[in-house]
Participant: 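This is the structure I want to talk about, given as structure tokens.
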Amino acid sequence: MSTPIPVHLRVNGVDHHLDVEPRLLLVHALRDNLGLTGTHVGCDTSNCGACTVHMDGRAVKSCTVLTVQADGAELTTIEGMAPEGGLHPLQEAFWNDHGLQCGYCTPGMIMAAAGLLAENPNPTEQEVRRALEGNLCRCTGYHNIVKAVLHAAKGKGAATVTSLSSGSEVSA
Ligand code: FES
Ligand code: FES
């Protein structure tokens, strides 16, 4: 076993100091060390997007990031997206548009979609489909997911879409 390396992660606005093995993937640090199990592991080979989180305001697949690479980073997981007791506008839109069935892919879909909307608040259907290319869903056929993202962007059911990690707010 290699010598543990100290890292500082700021996750959903809370500081964490961990000693981790150099090989520890960020997704495992989030799930196993911090108990944030909303970030899922679907493949571990960077194909499915279930592990998507925001790192310094950008959507990343946390199974492709070593925890030591995230040292000092500001991270947001699905647990940090919704206000206490409420839903993030994207979560509300997924709910309204039946954008999920088993829900396994959903946290990653929402994090990827939030990353898109933070950069492009008014995407076309084509742009949504392209942005979610790296996120696989085995249940829905994608149609309702895309519809939900477009509705969230247009503010149906919610006024704004916020990327908490970047602190930026996107008017719908
Ligand atoms: Fe990371 Fe599938 S678990 S892309
Ligand atoms: Fe089941 Fe997407 S809702 S994998």
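Indexing begins at 1, ligand by ligand and atom by atom, following the structure's order.
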Participant: Might you confirm whether atom NE2 of His8 has over 12 heavy atoms from other residues, nucleotides or ligands at distances under 6.0 Å?
Facilitator: yes

Participant: Taking 4.0 angstrom as the limit and counting only heavy atoms of Gly103, give me the atoms of ligand 2 inside it, by number and element.
Facilitator: 1 (Fe), 3 (S)

Participant: What protein heavy atom sits nearest atom 3 (S) of ligand 2, and how far off is it?
Facilitator: Gln101 N, 3.3 Å

Participant: Closer than 2.8 Å to atom 2 (Fe) of ligand 1, what protein N/O/S atoms do you find?
Facilitator: Cys43 SG, Cys48 SG

Participant: Please find out if atom 1 (Fe) of ligand 2 and some N, O or S atom of Cys105 are separated by less than 2.8 Å.
Facilitator: no

Participant: Output every pair passing side chain to side chain donor-acceptor pair (under 3.5 Å) with a member in residues 23-37, not counting sequence neighbours, ordered by first then second residue.
Facilitator: Glu21-Arg23

Participant: If only atom types and distance count, is the side chain of Ser62 paired as donor or acceptor with the main-chain N or O of Leu26 below 3.5 Å?
Facilitator: no

Participant: Out of curiosity, Thr67 OG1 to Leu24 CG, how far, rounded to the nearest 0.5 Å?
Facilitator: 3.5 Å

Participant: Under 2.8 Å from atom 1 (Fe) of ligand 2, is there an N/O/S atom belonging to Cys137?
Facilitator: no

Participant: Can a donor-acceptor pair be found between the side chains of Thr124 and Gln126 at a distance below 3.5 Å?
Facilitator: no

Participant: Pair Asn12, Leu36 - check side-chain contact (heavy atoms from CB on, under 4.5 Å), show working.
Facilitator: CA-CA 10 Å; Asn12 302 331; Leu36 295 169; 4.2 Å; yes

Participant: Side chains of Asn96 and His151: any donor to acceptor distance under 3.5 Å?
Facilitator: no

Participant: What distance do Leu100 atom CG and Ile145 atom CD1 have between them, rounded to the nearest 0.5 Å?
Facilitator: 8.0 Å

Participant: Give the residue and atom name of whichever protein heavy atom lies nearest to atom 4 (S) of ligand 2, and the separation in Å to one decimal.
Facilitator: Arg138 N, 3.3 Å

